[in-house]
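Residues: numbered from 1 along the sequence shown. As the structure is a computational prediction, the values presented were derived from the model and not from experiment. Worth knowing before you read on, the calculation uses all heavy atoms, side chains too, and leaves out hydrogens, waters and symmetry mates.
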Amino acid sequence: MVKLFLQFLLFFAIFPSSLFRLEQNATMTSKAMERGFKLILGSQSMARKRILAEMGYDYTIVTADIDEKAIRTDKPEDLVVALAEAKANEIISKLGGESQFAQDPQPTLLITADTVVVYKGVIREKPTTKEEAREFIKGYSGSHGGVVGSVLVSNLKTGVRRGGWDKAEVYFHEIPEQVIDNLIDDAITYKVAGGLTLEHPLISPFVDSVVGGVDTVMGLPKELTEKFINDVL
């Protein structure tokens with residue numbers, strides 16, 4: 001009974017406001033509009049979109065076309081920060097440079113982010129083959145993996161930037177082979193760092209606990225994002 005109760009609590013930690021999101025989004029006044037700025041999210045991640053909406057922000061999406069593999073550092077914290085900066089630079093260039101925003105009456109803020117999984121000291125990004133995906137997921141079974149995520153907020157009108165990183169640890173129960181087989185056949189596995197996403201219905205029953213922010217694991221640490229938005233305004 002205790003185990004079922006803990007799984008119930010974990011479900012609602014992973015899916016905050018899931019029962020009311022459509023109603024909230026339909027009636028919510030954008031915090032960005034209220035505070036007098038426009039917001040761009042530099043990501044197509046469904047989890048980041050959902051987190052930013054839950055924070056009360058409307059946004060447009062512009063994504064970066066960069067070779068993430070060309071950016072390498074030894075420390076995961078340095079890597080996710082460097083990738084968020086590279087994404088911001090590419091998006092700003094795509095938009096015509098910060099000079100395009102200098103005379104705007106309202107500032108435009110750009111949010112970029114990156115996430116990696118660290119397993120036994122080794123950085124894991126998105127798996128590129130079924131063999132790599134299987135290796136990643138089997139490693140988590142009955143074990144745990146660390147998640148390091150960055151966020152960078154850039155004020156395109158003033159050029160001011162603030163960024164940083166957060167980390168969390170995810171502990172897993174044993175993951176059955178059939179579940180692993182199904183996960184490696186799912187395209188979403190190859191679109192997320194480490195090949196795992198907490199909200200996936202196949203994997204969520206096997207999440208034992210999360211130490212740190214679930215939002216960090218999902219790709220956008222809320223507290224840091226809100227802090228950096230305030231810092232650059």
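Linking Ile, Leu, Val, Met, Phe, Trp and Tyr whenever their side-chain heavy atoms come within less than 4.5 Å leaves L39 and M46 in two separate clusters. Both I180 and F172 belong to a common hydrophobic cluster when Ile, Leu, Val, Met, Phe, Trp and Tyr are linked at side-chain heavy-atom distances under 4.5 angstrom. A single hydrophobic cluster is seen to contain both V210 and L224, as judged by linkage of ILVMFWY side chains at heavy-atom distances under 4.5 Å, directly or through other members. No continuous path of ILVMFWY side-chain contacts below 4.5 Å connects W165 to V117, so the two sit in separate hydrophobic clusters. Clustering ILVMFWY residues whenever any of their side-chain heavy atoms sit less than 4.5 angstrom apart, transitively, puts F37 in a cluster other than the one holding I40.
Annotation: the span from D166 atom CG to L220 atom CG amounts to 11.0 Å, rounded to 0.5 Å. For the atom pair CG (N89) and CD (E98), the distance works out to 8.5 Å, reported to the nearest 0.5 Å. One distance of note links CZ of R162 with CG of L152; it measures 10.5 Å at 0.5 Å rounding. From I188, atom CD1 reaches atom CD1 of I203 across 13.5 Å, with rounding to the nearest 0.5 Å. From Q178, atom CD reaches atom CG of L183 across 10.0 Å, with rounding to the nearest 0.5 Å. Taken to the nearest 0.5 Å, the NZ atom of K120 stands 8.5 Å off from the NE2 atom of H144.
Closest approach of V62 and I91 over heavy atoms only: O-CD1, 3.2 Å. Of all heavy-atom pairs between I61 and S43, the closest is CG2-O, 3.5 Å. The minimum heavy-atom distance linking L156 with F101 is given by the pair O-CB, 3.5 Å. G36 approaches P107 most closely through the heavy-atom pair O-CD, 3.4 Å. When all heavy atoms of I184 and R134 are compared, the closest pair comes out as CD1-NH2, 3.0 Å. When every heavy atom of T112 is checked against every heavy atom of G42, the shortest pair comes out as CG2-CA, 4.3 Å.
Side chains of M55 and L52 form a contact here, defined as non-hydrogen atoms less than 4.5 Å apart. Side-chain contact between T158 and V232 is absent, with no heavy-atom pair separated by less than 4.5 Å. The shortest distance between side-chain heavy atoms of T189 and F136 does not fall below 4.5 Å. Between Y119 and E135, the closest side-chain pair of non-hydrogen atoms is not below 4.5 Å. Put simply, the side chain of E223 does not reach to within 4.5 Å of the side chain of D215, judged on heavy atoms. Between R35 and I229 the shortest side-chain heavy-atom distance falls below 4.5 Å. The closest side-chain heavy-atom distance from Q100 to L95 is not below 4.5 Å. Put simply, the side chain of R50 reaches to within 4.5 Å of the side chain of E199, judged on heavy atoms.
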Listed pairs under 3.5 Å, donor-acceptor, residues 71-84 side chains, sequence neighbours left out:
{"from": "R72", "atom 1": "NE", "to": "K69", "atom 2": "O", "distance (Å)": "3.3"}
{"from": "R72", "atom 1": "NH1", "to": "E125", "atom 2": "OE2", "distance (Å)": "2.7"}
{"from": "R72", "atom 1": "NH2", "to": "E68", "atom 2": "O", "distance (Å)": "3.0"}
{"from": "R72", "atom 1": "NH2", "to": "E125", "atom 2": "OE1", "distance (Å)": "3.3"}
{"from": "R72", "atom 1": "NH2", "to": "E125", "atom 2": "OE2", "distance (Å)": "2.8"}
{"from": "T73", "atom 1": "OG1", "to": "K75", "atom 2": "O", "distance (Å)": "3.0"}
{"from": "T73", "atom 1": "OG1", "to": "L79", "atom 2": "N", "distance (Å)": "3.0"}
{"from": "E77", "atom 1": "OE2", "to": "K167", "atom 2": "NZ", "distance (Å)": "3.2"}

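The neighbour count for K191 NZ, taken as heavy atoms of other residues, nucleotides or ligands under 6.0 Å away, does not exceed 12. At most 12 heavy atoms of other shown residues, nucleotides or ligands fall within 6.0 angstrom of atom NZ in K38. Summarising the local packing, CD of Q106 is surrounded by more than 12 heavy atoms from other residues, nucleotides or ligands at distances under 6.0 Å.
A donor-acceptor pair under 3.5 Å is absent between the side-chain atoms of D186 and the main chain of N182, judged by distance alone. Between the K87 side chain and the A113 main chain, a donor and an acceptor come within less than 3.5 Å of each other. Using modelled atom types, no side-chain atom of Y59 and backbone atom of L110 make a donor-acceptor pair closer than 3.5 Å. The backbone N or O of Y171 lies less than 3.5 Å from no partner atom in the side chain of S209, so there is not a single donor-acceptor pair.
Look at K126 and E132 and you find no salt bridge, because none of the NZ, NE, NH1 or NH2 atoms lies under 4.0 Å from a carboxylate O. A salt bridge links D185 to K130: one of the charged nitrogens lies within less than 4.0 Å of a carboxylate oxygen.
Between the side chains of Y57 and E226, at least one donor N or O lies within less than 3.5 Å of an accepting N or O.
When the options L109, V160, V151, I111 are evaluated for a side chain to side chain contact (heavy atoms under 4.5 Å, CB included) with F228, the one that passes is V151.
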